[in-house]
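If you're wondering where the values come from, they're calculated on a predicted model, not measured in any experiment. Sequence lines set the chain letters: A, B, ... in the order given, protein chains first and strands last, and positions in each chain run from 1.
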2 protein chains.
Amino acid sequence: MSVTIKDVAKKAGVSPSTVSRVLSNHPRISRETSRKVKEIMEELGYHPNIMAKSLVSKTTESICVILPKPAEELFLNLFFMELIRGIVAQANRAGYDVLISSGGNEKEEVEAVSRLLHGRRVDGAILLYSRQNDPVVEFLKGHDYPFVLVGRSDSYPDLLSVDTDNIQAAYDATKHMISQGHERIGFVSGPPNLVVSQDRLKGYYKALGDAGLEVRKDWIVEGEFLQDSGYRAMSFFMNLPERPTALVIVDDIVSFGVLRGLHELGYKVPEDVSIISFNNISLTELSTPPLSSVDIGIYNLGYTASQALIQSIRHDDKTVLPNRYIIPHRLMIRESSMYSNSK
Amino acid sequence: MSVTIKDVAKKAGVSPSTVSRVLSNHPRISRETSRKVKEIMEELGYHPNIMAKSLVSKTTESICVILPKPAEELFLNLFFMELIRGIVAQANRAGYDVLISSGGNEKEEVEAVSRLLHGRRVDGAILLYSRQNDPVVEFLKGHDYPFVLVGRSDSYPDLLSVDTDNIQAAYDATKHMISQGHERIGFVSGPPNLVVSQDRLKGYYKALGDAGLEVRKDWIVEGEFLQDSGYRAMSFFMNLPERPTALVIVDDIVSFGVLRGLHELGYKVPEDVSIISFNNISLTELSTPPLSSVDIGIYNLGYTASQALIQSIRHDDKTVLPNRYIIPHRLMIRESSMYSNSK
DNA sequence: TGATTTTGTTAAACCGTTTGCACAATAATC
DNA sequence: GATTATTGTGCAAACGGTTTAACAAAATCA
């Protein structure tokens, strides 16, 4: 049927092993033989059978990405796609293929991962934003399979992971507001049990502290990563006798809620309230006004995760590799915070 | 190292072939043997080596998805992720794995696909929104590999494809505006060379015709799938002596531009202008006001594509399969078009 | 009861590669 | 010129399964 190494060997008048050696650039193959064999391969349209190859080499040159179960927060799709792009780009460059898998629930996820790794279909796995006590993590750890975590590295500080420095990111965002002249800066946080919420809050505290500004509990509101949370936070702030003039918001999607609320009440952004949030999903440029946001380099997160995983797969244990990568962030200042608050 | 079929065989006191037969539910295996072997497999933690299996079976139980080269229009990410979710869900259910691939340019894409299919790494491919004269399509067609097109089926009417009935979708959207009492309905189209723009325009014409409404060339504007296009279309319309009271817009992202422009000029949606657009990407609910949109079932497109491809891979040529699947759409009516225009 | 069919199992070949070892031919060394 | 190293290639055994053909034992038939 399809042309094999033997066909090439026969036609070239050499043994299959020689052909194989030509393929892998074995040093002991003569210039001449190599040339001839390659010619025949071209002529016959030979393509190595990846399955056969990985059967003997015990390595598949591919990795898998486990998508968290169906994202309730739809906008996460933007996140994931960007991550996947980064992952695929780097993997392909390194000669690896990427397999996407997802399960309806945790049990199915473990089954999928188990099939892929036990069945020797992939060499390692990338986990996206895993929750704490993730059974998939336990599985992978238990079987010593190579894998890398994207985000939430704090839940598993000893594991290979790629993450954002959320404390610093929040520090920078808050600092930006301060440098615009704001002194009354509120914070809209996410679910308090998530490390990302905690870290961003910490950065906010730190920036206020460093600037000698007072922390006011009533200028901090917790919520979900949902538009509605933003809306509610906004009405809370706007009803205060003393209102913040700037808001640092834990996620872009929450900002959309805030924007909408402010718009309904007739407040102007950034004149009445300045806003900056996190993640810089592609919608931030589209909102009215365009939203300042901390770009956390999502593509880069994926790219680096892929790289780290492949490195760890190929690793020969002679040297020791870093197990934690922090991707730099940067402020994307847009209209929503372009206003100098001169008292 | 890892436990093989032979280990199981030895421990169970049977031959490897028997174990293999147990695995594939061969009818001639006795109840008793099967039970015992399965027990041992469980005990030893046996997992079949997929590589070995597919080496002999010449089938990999996996498919690949070719991502178009880096989307300039970022929002396409939402599209793709949703599609991929659908593809992966159905593939996994059918016992197939999904491999994601993307190339920086057309040449690389062909190389990637060639490696995957010639190398017997995957059994078939899914192409997302391929352009016309796609070299990847030519490659797959030329080698008789199974594949399916998502969208743009009109460029290749004879190939297996999954698509939306864009004419009908636009017809329905326009009809909706008419039923709200609008008689001056404008259309914001996309690039005129794309089949999707053409089809949606056709549907718009048809609906107007059926309702006995006049088609006015100055109420039709062409542009890109970009926010800016919407903005420009909006200013064009608003400067006309006789302005439309409703707009049918070829894509959600374009609508965002329109919304923004209207907002800046102080027009109210839907009171001054009603709006509906297409695709219902997850942002439509977030805009101010929430945007009416024709949901084209993106997840479903992916799901069906996956199904169709796997069916075609497994197909035994005895029966003939449909080669074109149309995914139903439905109107998602939100605030932007909830206004009865009584003259 | 002997012949025939059915049932359950196995031995061996094969799928397409890689790779350790052997070996001849050539080159380098003394 | 004999000895040793180097270079280029082939043989055959894996890798972990599936599958064809063969066969003994049990069941069915006449």
Side-chain angles (χ1 to χ4, degrees), chain A residues 1-38 40-41 44-62 95 97 115-123 314, chain B residues 1-38 40-41 44-62 95 115-123:
Chain A
M1 184 89 45
S2 130
V3 27
T4 81
I5 221 172
K6 283 177 196 160
D7 302 323
V8 176
K10 191 176 297 171
K11 180 132 187 178
V14 298
S15 79
S17 22
T18 300
V19 177
S20 169
R21 292 200 169 98
V22 169
L23 238 29
S24 55
N25 290 316
H26 189 100
R28 290 244 195 114
I29 290 293
S30 76
R31 214 101 201 74
E32 174 57 15
T33 312
S34 172
R35 196 197 50 69
K36 191 174 61 187
V37 168
K38 275 177 181 156
I40 306 274
M41 291 197 313
L44 260 43
Y46 168 77
H47 288 263
N49 182 314
I50 306 182
M51 296 297 165
K53 178 170 177 170
S54 64
L55 176 57
V56 27
S57 73
K58 285 172 175 306
T59 158
T60 65
E61 317 266 275
S62 53
D97 286 317
R115 204 174 47 79
L116 291 175
L117 280 133
H118 275 147
R120 299 273 181 280
R121 168 146 272 192
V122 302
D123 298 339
R314 290 187 171 152
Chain B
M1 183 88 46
S2 131
V3 28
T4 80
I5 221 171
K6 283 176 197 158
D7 303 323
V8 177
K10 192 177 297 171
K11 180 132 189 178
V14 298
S15 78
S17 20
T18 300
V19 177
S20 169
R21 293 211 162 87
V22 168
L23 239 28
S24 54
N25 289 317
H26 189 100
R28 289 240 195 119
I29 290 293
S30 75
R31 213 102 199 75
E32 174 57 17
T33 313
S34 172
R35 196 195 50 70
K36 190 174 62 188
V37 169
K38 276 178 181 156
I40 306 275
M41 293 196 313
L44 259 44
Y46 168 78
H47 287 263
N49 182 314
I50 308 183
M51 297 298 160
K53 177 170 177 171
S54 66
L55 176 56
V56 28
S57 74
K58 286 175 176 304
T59 158
T60 66
E61 317 265 277
S62 55
R115 200 176 49 78
L116 291 175
L117 281 132
H118 274 149
R120 299 272 180 280
R121 176 83 220 233
V122 301
D123 299 337

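In terms of the side-chain contact (heavy atoms from CB on, under 4.5 Å) criterion, residue partners of B/P48 (sequence neighbours excluded) are, by chain and number, B/Y46. Residues meeting the side-chain contact (heavy atoms from CB on, under 4.5 Å) test with A/H47, sequence neighbours left out: B/S114, B/H118. A/K6 pairs by the side-chain contact (heavy atoms from CB on, under 4.5 Å) definition with A/T4, A/P16, not counting sequence neighbours. Here B/H26 pairs with nothing under the ring-ring contact (aromatic ring centres under 6.0 Å, His included) rule; sequence neighbours left out. Remark: A/D97 pairs with B/R115, B/R121 by the salt bridge (Lys or Arg N to Asp or Glu O under 4.0 Å) rule, at least two apart or across chains. For A/S17, the side chain to side chain donor-acceptor pair (under 3.5 Å) criterion is met by A/S15, not counting sequence neighbours.
Separating the NZ atom of B/K10 from the P atom of D/dG17 is a distance of 14 Å, rounded to the nearest angstrom. Going from atom NZ of A/K58 over to atom P of D/dC15 covers 7 Å, rounded to whole Å. Rounded to a whole Å, the CZ atom of A/R31 is 17 Å from the C1' atom of D/dT9. To the nearest angstrom, C1' of D/dT18 lies 12 Å from NE2 of B/H26. Atom CZ of A/R120 and atom P of D/dG17 are 10 Å apart (whole Å). To the nearest angstrom, C1' of D/dT18 lies 15 Å from CD1 of B/I50. If you measure from atom CE of B/M51 to atom C1' of C/dC14, you get 19 Å, rounded to the nearest angstrom. Computed from coordinates, the A/L55 CG to D/dT18 P distance equals 12 Å when rounded to whole Å.
Inter-axis angle, ends of the helix from C/dT1-D/dA30 to C/dC30-D/dG1, five pairs per end, rounded to 10 degrees: 40°.
A close approach under 4.0 Å does occur between a side-chain nitrogen or oxygen of B/S30 and OP1 or OP2 of C/dT9. For B/T33, no side-chain nitrogen or oxygen approaches OP1 or OP2 of C/dG8 to under 4.0 Å.
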* Given the rule in the side chain to side chain donor-acceptor pair (under 3.5 Å) test, do B/S57 and B/T59 qualify, once you have shown the distances and angles that lead to the verdict? -> CA-CA 5 Å; B/S57 74; B/T59 158; 4.9 Å; no
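The salt bridge (Lys or Arg N to Asp or Glu O under 4.0 Å) pairs that include a residue from residues 11-34 of chain B are B/K11-B/E43, B/E32-B/R35, where partners are two or more places apart or lie in different chains.
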* B/S/- contact track for nucleotides 17-23 of chain C, protein heavy atom under 4.0 Å -> BBBBB--
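A heavy-atom distance below 4.5 Å is not found between the side chains of A/V14 and A/V8.
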